[in-house]
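In what follows, every chain begins at residue 1, and chains take the letters A, B, ... in the order their sequences are listed.
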Amino acid sequence: MPELPEVETVRRGLEKLVIGKEVKSVTVLWDNIVQAPGGVADFVHRMPGQSLLSVERIGKFLIFNWTDVAWIAHLRMEGKYLYVPTTESVDAYSHVILHLTDGYDLRYRDVRKFGRIHMVDKNQLEQAINALNLGPEPKDLTTVYLKGKLEKRKRPIKGVLLDQSVIAGIGNIYADEVLYAAKVHPEQAANTLTDPEIQAIVDASQAIIGHAVEVGGTTIRSYTNAFGENGHYQQYLQAYGRTGKPCARCGTPIEKISVSQRGSHFCPNCQKVHG
DNA sequence: AAACCCGCCTGAGTGC
DNA sequence: TGCACTCAGGCGGGTT
């Protein structure tokens, strides 16, 4: 599941390989992935002739700045972008194909079909981004801000960390890693965290997301010809996916439970619910 | 406003 | 073996 570090890695890959390229024609093989003012027909009609000027990232969203339009795109669970020769065969999971004038394709590949590419007029971009209602990214997070957000929430802290309107960019993997580093139980009610715990979460989210960006994100499964697959953070994971393995701090086996409808890994000794 | 539910999808995992 | 069934999982939209 691509989170901020993985999406940033994808962004850098796109920047390196696709900036300046012009779209010749477009094929959409699964309509629900594409959103445009006039639907898929509008998308297919307007993309030819567009050149990619820049790619930005906000939280887990990619912003593609084309000549006259912009995309707000999300990879959701398994979305990938491929940059491959047009002659390469199209597999069953590539749903949006942009044929470029350089003889290559930019293909959006997504096994689950959960991802989205939302095309907007450039003058609508700012408004569309605001409508995403995203909170600050970890690097801009402050203890005062987070404390204010937690005070009025009674749900488990894990669920709040996954709420993109509170913090943008954290998903299930890094939420578990942050809580492990901060020694906070995922089910601890948000409004019962102590000030030192809130500070620890802020510090841990900045350190962990920053480190993960540096090493290209986390690669859980390997794919070929995809952007953002060269991550190395998996070797640093302390909690996520380590069910039954000893905690690096105390040796207690890591447990997995369901919190806010998400699989959650934690050390039952280091991370205890308190009153 | 906060929090929950559903739908979107399909491969992996489970049970028999 | 092979088949039927269940479920994860981020987000948007709707409801309580």
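- Atom CD1 of A/Ile173 is separated from atom C1' of C/dA8 by 13 Å (rounded to the nearest Å).
- Atom pair A/Lys113:NZ and B/dC9:C1' shows a separation of 7 Å (rounding to whole Å applied).
- No close placement of the A/Tyr174 and A/Tyr240 rings is indicated, their centers lying 6.0 Å or farther apart.
- One atom, CG of A/Asp176, and another, P of C/dG10, lie 10 Å apart when rounded to the nearest Å.
- We find that CG of A/Asp163 is positioned 12 Å from C1' of B/dA1, with the value rounded to whole Å.
- A/Asp91 and A/Arg109 are joined by a salt bridge, as a carboxylate oxygen and a charged side-chain nitrogen come within less than 4.0 angstrom of each other.
- The separation between A/Leu75 atom CG and B/dC8 atom C1' is 16 Å, rounded to whole Å.
- Within residues 149-161 of chain A, the residues that have a heavy atom under 4.0 Å from DNA chain B are, in order of number, A/Lys152, A/Arg153, A/Lys154, A/Arg155.
- The phosphate of B/dG11 (OP1 or OP2) has a side-chain N or O of A/Tyr93 nearer than 4.0 angstrom.
- Minimum heavy-atom separation, A/Val259 to A/Lys158: CG1-CB, 3.9 Å.
- A/Gly115 comes within 4.0 angstrom of no nucleic acid atom, judged by non-hydrogen atoms across all strands.
- The nearest whole Å value for the distance from the CG atom in A/Asp110 to the P atom in B/dT10 is 10 Å.
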Taking protein heavy atoms under 4.0 Å as touching, what does nucleotides 11-16 of chain C look like 5' to 3' if B marks base contact, S marks sugar-phosphate-only contact and - marks none? BS----
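- A salt bridge does not link A/Lys149 to A/Asp163: none of the charged side-chain nitrogens sits closer than 4.0 Å to a carboxylate oxygen.
- Hydrophobic cluster of A/Ile129: the remaining members, joined at side-chain heavy-atom separations below 4.5 Å, are A/Ile58, A/Phe61, A/Ile63, A/Ile72, A/Val120, A/Leu125, A/Leu132, A/Leu134, listed by chain and number.
- Summarising the geometry, the separation between CG on A/Asn133 and C1' on B/dA3 is reported as 15 Å, rounded to the nearest angstrom.
- Rounded to a whole Å, the CH2 atom of A/Trp30 is 10 Å from the P atom of B/dC8.
- A salt bridge links A/Asp195 with A/Lys147: at least one charged nitrogen is closer than 4.0 Å to a carboxylate oxygen.
- Two rings, from A/Tyr108 and A/Tyr81, have their centers less than 6.0 Å apart.
- The two residues A/Ile208 and A/Glu177 have their closest heavy-atom pair at CD1-O, 3.5 Å.
- Below 30°, between 30° and 60°, or above 60°: for A/Tyr233 and A/Tyr236 the angle between ring planes is between 30° and 60°, a tilted geometry.
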